[in-house]
**Q** 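Below: one structure in structure tokens.
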Amino acid sequence: MDVALLLVALVVIAALAFDFTNGFHDTGNAMATSIATGALRPKTAVALSAILNLVGAFLSVEVALTVTNAVVRVQDKTGAPRPEFLADGGQALLMIVLCGLVGGIVWNLLTWLLGLPSSSSHALFGGLIGATAAGLGWSSVNWAGDGTKLDGVLGKVVLPALVSPVIAGLAATVGTWLVFRITGGVAERYKERGFRWGQIGTASLVSLAHGTNDAQKTMGVITLALIASGAWTDTGSIPLWVKVSCALAIALGTWIGGWRIIRTLGKGLVEISSPQGMAAESASAAVILTSSHLGFALSTTHVATGSILGTGLGRPGAQVRWGVAGRMVAAWLITLPSAGVVGALMWWIGHTIGGAVGALVVFGILLALSFFMWHRSRQAPVDHSNVNADWEGRLAPAPAGSAASVPVGTDAAPPTTTSAQTHSASAHPQEV
């Protein structure tokens, strides 16, 4: 088999796999608070989010071809690969892209397993940076642009990651305080009902914005691979099948539901009421849409988490679990370098072995790690039935004959003792 053709096929498969993980990894950004407050049933929430992600993926593809220019120097301004990377059907560039995707997928799955919300965009960028630096040298990474504007890894990735959750948190804090101040005399049942309807609207807006923003990255990566191999020549458009497949992949991932992360965002940070949920989602939508208009690439995960923390600060007497928040921030800080290390290691393995065998070994490692983390997650499953179980924050060893407990700090959700969940009590670790 032609090596370039094999690499293109593996890149397309890996890119769609990343898109799928992006979908279920980020579902909680839009729907965690609506699920936690009961505004939407869990399955209904992820289905609605999946539909809106699907629609959003078709709304805009303006920057899809140039999205990776923010972090690595492998394309010109039109999105076409630089001429020096087109030799041998673009094999060198295709191997870098494949290894970068592996880095992003592995980090997405690991943080999902641990129930830690982290940025899928940063995972992808980190993987590409690591693979590019390993294959082409540090100078091929666009660290700070040309100095004329905020650009590169610093301006497009690091700075927004630091600023966006703070802005979203402040907006949610003020919004939550105003909501409770204004509605202080309203009966609780009327307040909850009204704000639950508001939550549905704001959560839908966040889902739509997420589909519009995140699906573009995968479309750009696949089209870059097709151009590098000579299978596509138009640098001004995306093939229709690429748009459709990427939209379906992110929507399917969303529909599967990243229940472990939904649980952490909805129950682990703050006990959320409907007014808080609407304030959080409104702040998230405002920050995401404003930044998109201004051309800043934000992590929806960082924005959503900052908003949820802000609602805890804005509601009098609310409890914020700072230990959980601290683990999230730690995950954010190491996302880029961790995914980069995986991407660089994959490139070294693939390059050392070389040819089609090297590419297949890299892809085989991805399959093995993915299966391991999926299998590990089955030992303490979280799904729609227990995503809203009470959060106690610590897990005791599982009773004899039940599934093994997971380390302290994960989001594995044991069932509560309600009648709807008593039947599965022996299949989960018990919280203390």
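In what follows, residues are counted from 1 in the order of the sequence shown.
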**Q** Can you tell me how far CD1 of Ile129 sits from NE2 of His122, rounded to the nearest 0.5 angstrom?
**A** 9.5 Å
**Q** Looking at Asn386 and Arg263, what are the two nearest heavy atoms and their distance?
**A** O-NH1, 4.1 Å
**Q** Examine distances only and state if a side-chain atom of Asn388 and a backbone atom of Pro42 form a donor-acceptor pair shorter than 3.5 Å.
**A** no
**Q** What verdict does the side chain to side chain contact (heavy atoms under 4.5 Å, CB included) test give for Leu309 and Val320, after you've listed the backbone C-alpha separation in whole Å, the side-chain angles of each residue and the deciding distance to 0.1 Å?
**A** CA-CA 7 Å; Leu309 283 174; Val320 177; 3.6 Å; yes
**Q** Let me see the working for Trp107 and Ser118 under side chain to side chain contact (heavy atoms under 4.5 Å, CB included), right down to the final yes or no.
**A** CA-CA 9 Å; Trp107 185 253; Ser118 68; 3.6 Å; yes
**Q** Please check if the side chain of Arg73 supplies one atom and the backbone of Val141 the other of a donor-acceptor pair under 3.5 Å.
**A** yes
**Q** Using distance alone, with no hydrogens and no angle criterion, decide if Thr21 and Trp112 have a side-chain donor and acceptor under 3.5 Å apart.
**A** no
**Q** Can you name the closest pair of heavy atoms from Ala247 and Asp19 and give their distance?
**A** N-OD2, 4.4 Å
**Q** Find out whether Phe195 and Val179 are in side-chain contact, i.e. whether some heavy atom of one side chain is under 4.5 Å from a heavy atom of the other.
**A** yes
**Q** Determine whether Val74 and Ser140 make a side-chain contact, defined as any pair of heavy atoms from C-beta on separated by less than 4.5 Å.
**A** no
**Q** What is the distance from atom CG of Leu54 to atom OG of Ser49, rounded to the nearest 0.5 Å?
**A** 11.0 Å
**Q** Between Gln276 and Ser273, do the side chains contain a donor N or O and an acceptor N or O under 3.5 Å apart?
**A** yes
**Q** Can you find a pair of side-chain heavy atoms, one from Pro81 and one from Ile227, that are under 4.5 Å apart?
**A** yes
**Q** Can you establish whether the number of heavy atoms outside Phe372 located under 6.0 Å from its atom CZ is more than 12?
**A** no
**Q** Among Thr27, Thr218, Asp214, which one satisfies side-chain hydrogen bond (donor to acceptor under 3.5 Å, both in side chains) with Asn22?
**A** Asp214
**Q** Cut-off 3.5 Å, side chains only: do His210 and Asn29 have a donor facing an acceptor?
**A** no
**Q** Distance from Glu281 atom CD to Ile272 atom CD1, nearest 0.5 Å?
**A** 8.5 Å
**Q** Identify the heavy atoms of Trp259 and Val382 that sit nearest to each other, and give their distance.
**A** CB-O, 3.4 Å
**Q** Would you say Thr311's side chain and Ile308's backbone share a donor-acceptor pair under 3.5 angstrom?
**A** yes
**Q** Run the side chain to side chain contact (heavy atoms under 4.5 Å, CB included) check on Thr264 and Leu269 step by step: do they pass?
**A** CA-CA 7 Å; Thr264 302; Leu269 287 172; 5.6 Å; no
**Q** Within a strict 4.5 Å, meaning less than it, do heavy atoms of the Phe125 and Val153 side chains meet?
**A** no
**Q** With a 3.5 Å distance limit and no angle check, can you tell me whether Asp26 reaches the backbone of Gly23 through a side-chain donor-acceptor pair?
**A** no
**Q** At what distance, to the nearest 0.5 angstrom, does CD1 of Ile261 lie from OG1 of Thr111?
**A** 5.5 Å
**Q** Enter the distance from Leu109:CG to Ser370:OG here, rounded to the nearest 0.5 Å.
**A** 5.0 Å
**Q** Tell me whether the rings of Trp374 and Phe371 are parallel (<30°), tilted (30 to 60°) or perpendicular (>60°).
**A** tilted
**Q** Side chains of Val362 and Trp347, heavy atoms from C-beta outward: is any pair under 4.5 Å?
**A** no
**Q** Kindly give the heavy-atom pair with the smallest separation between Ala283 and Ala171, and that separation in Å.
**A** CB-CB, 3.9 Å
**Q** Under the side chain to side chain donor-acceptor pair (under 3.5 Å) definition, can you give me all pairs with a residue in residues 220-234, not counting sequence neighbours?
**A** Asp234-Ser237
**Q** With a 4.5 Å heavy-atom cut-off, do Val71 and Lys156 have their side chains touching?
**A** no
**Q** Is Ser245 reaching over with its side chain to a backbone N or O of Val242, donor-acceptor style, under 3.5 angstrom?
**A** yes
**Q** Of the non-hydrogen atoms in Ser121 and Lys217, which two are nearest, and what is the gap between them?
**A** OG-CE, 2.9 Å
**Q** Strictly below 4.0 Å, N to O, side chains only: are Glu271 and Arg321 in salt-bridge contact?
**A** yes
**Q** If you take all heavy atoms of Ala36 and Lys267, which pair is closest and at what distance?
**A** CB-CD, 4.3 Å
**Q** Counting only heavy atoms not in Trp255, do more than 12 fall under 6.0 Å of its CH2?
**A** no
**Q** Does Arg41 CZ have over 12 foreign heavy atoms under 6.0 Å away?
**A** no
**Q** Using a 3.5 Å distance criterion without hydrogens, assess whether the side chain of Arg315 forms a donor-acceptor pair with backbone atoms of Trp177.
**A** no
**Q** Find the distance between OG1 (Thr44) and CD1 (Ile200) and round it off to the nearest 0.5 Å.
**A** 9.5 Å
**Q** Can you see whether Ser307 engages Ser284 through a side-chain donor-acceptor pair at a distance of less than 3.5 angstrom?
**A** yes
**Q** Do Asp76 and Asn69 have side chains that approach each other closer than 4.5 Å (heavy atoms only, starting at C-beta)?
**A** no
**Q** Could you tell me if the side chain of Thr33 sits less than 4.5 Å from the side chain of Gln199, heavy atoms only?
**A** yes
**Q** Kindly indicate, with the supporting measurements, whether the criterion side chain to side chain contact (heavy atoms under 4.5 Å, CB included) is fulfilled by Cys246 and Ile222.
**A** CA-CA 9 Å; Cys246 290; Ile222 293 177; 3.8 Å; yes
